[in-house]
2 protein chains.
Amino acid sequence: MDDKRRLILDQALALVDERGLAAMSMRAVAERVGLTSMALYPYVGGKDALLDGLVDLLHQELGTTLEEGDGDWRRRLHALGRAVRRLAYAHPGAFPLLLNRSAAGASASWLTAALRGILHDAGVPGDRTPRLSRMICAFLLGYATGEVTGGLPAAPRGEVAEREFEADLADLVRLVEVAVRAT
Amino acid sequence: MDDKRRLILDQALALVDERGLAAMSMRAVAERVGLTSMALYPYVGGKDALLDGLVDLLHQELGTTLEEGDGDWRRRLHALGRAVRRLAYAHPGAFPLLLNRSAAGASASWLTAALRGILHDAGVPGDRTPRLSRMICAFLLGYATGEVTGGLPAAPRGEVAEREFEADLADLVRLVEVAVRAT
DNA sequence: ACCTGAACACCGTTCAAGT
DNA sequence: ACCTGAACACCGTTCAAGT
């Protein structure tokens, strides 16, 4: 079965959620699944590959969470930004992996594709969308990571942080509008 | 002597530069310094604290590298952005620590202070500078981290990447200008 | 004061062996 | 086919002991 691999990855993510990334040893994951650590290797292939699997899982969850609305691009950009931030708070231990590990997997390029689609619909000229989408991606991942790890200095907390993030998203919209007008 | 602590941190950073973060064990650092791992504890106090020390070292190096020019704010923002990116390429193994570990140290808030100073001189209203400076900080750290880890999808390489980053910085300048006009 | 040896409880990973 | 026991070379950290 290949859903065994999925089961292992799910349990690994749950473990990281509950006890942090440092607590995720092969042995601890195996115990959660009811196996020995050596039994995991055929399914997930070593710890490094397991971590890549978690990155993939997070990207998938982002895609699932996000209601792929066909509303106007501003609303979709807001929705994407909020989804990224929610993902960070849902998995504070695992989320930093997104920016720290190579985004080679197919589900990783989903984010880029979604972002480019939004910019396209906003009217951003085609030669500008790759760079602008990478910029926004870097901001969203960097911001959410910093919020969840405390890596960004002088970060607010709770409801204030939420309002500030909304204002940031509005600034991103403005950045896109400037790119459109500069055509 | 307290320069012994500094010597240990320097050797730890050099080790990470040469062989990656995963290779930085207490024992490996100690061997580089000519001691046993147990001798490090009084100076750096455990591995976690050593990593915090590396974060501090990177922030300090950023402050040193950056010619604190008194030119116009646009040039200073460019200089700051380039300094952050250069730091990432100088220490690709250690740089991701900046966003992944709590920025509690005094040298961490230096970056924020520098950024706020630039925005202030740009004419950004005082109640807008904290949020805008955090935005730019998140982008710079997120972008440079992603570039160095491959965590940002579809990232270009070499000289192309450099030109794209310059264009990104120009966009940041535009973002600031918009914030000034919105007063 | 500064350092080390020995020890403890853990790692990731391999591989022959079990069913 | 799927799993485990035993083993290997490593970890971080403590603490009594050395000089």
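Every chain is numbered from 1 and lettered A, B, ... according to where its sequence line falls, protein lines coming before strand lines.
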>> If we ignore hydrogens and angles and just use 3.5 Å, is the side chain of B:Thr149 paired with the main-chain N or O of A:Leu99 as donor and acceptor?
In response: yes
> Do the charged groups of B:Glu166 and B:Arg85 touch, with an N to O distance under 4.0 Å?
Replying inline: no
> If every non-hydrogen atom of A:Asp121 is compared with every non-hydrogen atom of A:Trp73, which pair is closest and at what distance?
Replying inline: O-CD1, 4.0 Å
>> Which residues in residues 29-40 of chain A have a heavy atom closer than 4.0 Å to any atom of DNA chain C?
In response: A:Ser37, A:Met38
> Over how many whole Å does the gap from B:Met24 atom CE to D:dC11 atom P extend?
Replying inline: 11 Å
> Expressed in angstrom and rounded to an integer, what is the separation of B:Arg27 atom CZ from D:dG12 atom C1'?
Replying inline: 7 Å
>> Expressed as a whole number of angstroms, how long is the span from A:Arg19:CZ to C:dC10:C1'?
In response: 13 Å
> According to the interplanar angle, ranging from 0 to 90°, do the rings of A:Tyr143 and A:Phe165 count as parallel (below 30°), tilted (30 to 60°) or perpendicular (above 60°)?
Replying inline: tilted
> OH of B:Tyr43 versus P of D:dG12: gap in Å, rounded?
Replying inline: 19 Å
> C:dC11 phosphate, OP1 or OP2: any side-chain N/O from B:Lys47 under 4.0 angstrom?
Replying inline: no
> Where each pair must be Watson-Crick or G-U wobble with both distances under 3.5 Å, what dot-bracket representation of DNA chain D is obtained, with crossing pairs in [ ] and other-strand partners as |?
Replying inline: ||.|||||...|||||.||
> Roughly how far, to the nearest 0.5 Å, is CZ of B:Arg134 from CD of A:Glu164?
Replying inline: 5.0 Å
> How close or far is atom P of C:dC11 from atom CE of A:Met26, stated in whole angstroms?
Replying inline: 11 Å
>> Give me the atom names and distance for the closest heavy-atom approach of A:Ala161 to A:Pro156.
In response: CB-O, 3.8 Å
> Does the side chain of B:Leu119 come within less than 4.5 Å of B:Val176's, by heavy atoms?
Replying inline: yes
>> Quick check: on DNA chain D, is the nucleotide nearest A:Pro42 upstream (toward 5') of the one nearest B:Ala28, or the reverse? Name the residue that is more 5'.
In response: A:Pro42
>> Without decimals, in angstroms, what is the distance between A:Tyr41 OH and C:dA16 P?
In response: 17 Å
> Between A:Leu51 (CG) and C:dC11 (P), how many Å, whole number?
Replying inline: 14 Å
> Is it true that A:Asp2 and A:Arg6 make a salt bridge, defined as a side-chain N closer than 4.0 Å to a carboxylate O?
Replying inline: no
>> Assess whether a salt bridge exists between B:Glu177 and B:Arg74, defined as any Lys/Arg side-chain N lying under 4.0 Å from an Asp/Glu carboxylate O.
In response: yes
>> Output the rounded distance in Å from CZ (B:Arg5) to C1' (C:dC3).
In response: 19 Å
